[in-house]
**Q** 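Structure in structure tokens, see below.
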Amino acid sequence: MSVHKEVKKVTTLTLSEMKQHGEKIAMLTCYDYSLARLLDEAGIDVVLVGDSASNVMAGHETTLPITLDQMIYHGASVVRGVKRALVVVDLPFGAYQGNSRKALNSAIRVMKETAADAVKIEGGAEILESVERILTAGIPVMGHLGLTPQSIHKFGTYSVRAKEEAEAQKLKNDALLLEKAGCFSIVLEKIPATLGADVARELRIPVIGIGGGNGVDGQVLVLHDMLGITQEFTPRFLRRYLNLATEIKDAAMRYSTDVKTGDFPNEKEQY
Ligand code: KIV
């Protein structure tokens, strides 16, 4: 029997049971009501209101500029479209680092003002105090290790992380720390597949990969990338399921032609 097909509402407990039953978890990002409804109806298990909204919704180069208020706007919109999936909202850059009290306040605002189910934050030992403080309020926390885009200026590159033994070891230690602190799941971004599989095997909580190989407990992609709306971004881990950029441009061009030639609206399309 499949755990995820049985449940009316996906919870952190559902994800834990899915891992125990060896059932993979399907997660996608989303930032608005209309697409959230479609993803939920399609049976996606986890909808992540990622701070990648900064890139794909607002056109910024990095995830750093997006604010807590903007994440709350996106989060509340997504929650209104979702009945079944677990909704996780990213805490943005500046909302939790180096100040656990601020982290708790940010997480409480997200939970109160969006009605989401959980928050996600990037980092390991450095942000452990913030993770622990958020958890004291009963707010579920998803971790995020490997390539953590909010630290892009420290890394200086978006290339694969933890290829060297020292960084791989730190990632494993951080994953264990986050699990011990009480995180319900961890995202691993752009790391060697063998390392992803090792971490997933060692942890009891589900490990969701994005460029983390096939040995983890689930996968996440940025919605605009997998739908082919973004065109420039072509990492190896990305599988495109549609080429919406072409289809949307084609539809807009046909509409424009119909308007300019007077073909639209026709008799049946007016009152
Ligand atoms: O913001 C985001 O889209 C993310 C995913 C890449 C996991 O954090």
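Order of appearance sets the numbers: ligands from 1, and atoms from 1 within every ligand.
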**Q** Could you walk me through whether D250 and R254 pass the salt bridge (Lys or Arg N to Asp or Glu O under 4.0 Å) test, one step at a time?
**A** CA-CA 6 Å; D250 182 56; R254 286 191 290 119; 3.3 Å; yes
**Q** Applying side chain to side chain contact (heavy atoms under 4.5 Å, CB included), can you list everything that pairs with F184, at least two apart in sequence or on another chain?
**A** T12, L15, L86, V88, A118, P140, M142
**Q** Which residue pairs satisfy the salt bridge (Lys or Arg N to Asp or Glu O under 4.0 Å) criterion with at least one member in residues 174-189, sequence neighbours excluded?
**A** K170-D174, E179-R204
**Q** For A175, what residues pass the side chain to side chain contact (heavy atoms under 4.5 Å, CB included) criterion, not counting sequence neighbours?
**A** L145, I186, V199, L203
**Q** When you pair each N or O of ligand 1 with protein N or O atoms, which pairs come out under 3.5 Å?
**A**
| residue | atom | partner | partner atom | Å |
| --- | --- | --- | --- | --- |
| ligand 1 | 1 (O) | D51 | N | 3.1 |
| ligand 1 | 1 (O) | D51 | OD1 | 3.0 |
| ligand 1 | 1 (O) | S52 | N | 3.0 |
| ligand 1 | 1 (O) | S52 | OG | 3.3 |
| ligand 1 | 1 (O) | D90 | OD2 | 3.1 |
| ligand 1 | 3 (O) | S52 | OG | 2.5 |
| ligand 1 | 8 (O) | K120 | NZ | 2.8 |

**Q** Take atom CD of E61 as the centre, draw a 6.0 Å sphere, and report whether it contains more than 12 heavy atoms from other residues, nucleotides or ligands.
**A** no
**Q** Determine whether the side chains of S77 and D32 contain a donor N or O and an acceptor N or O closer than 3.5 Å.
**A** no
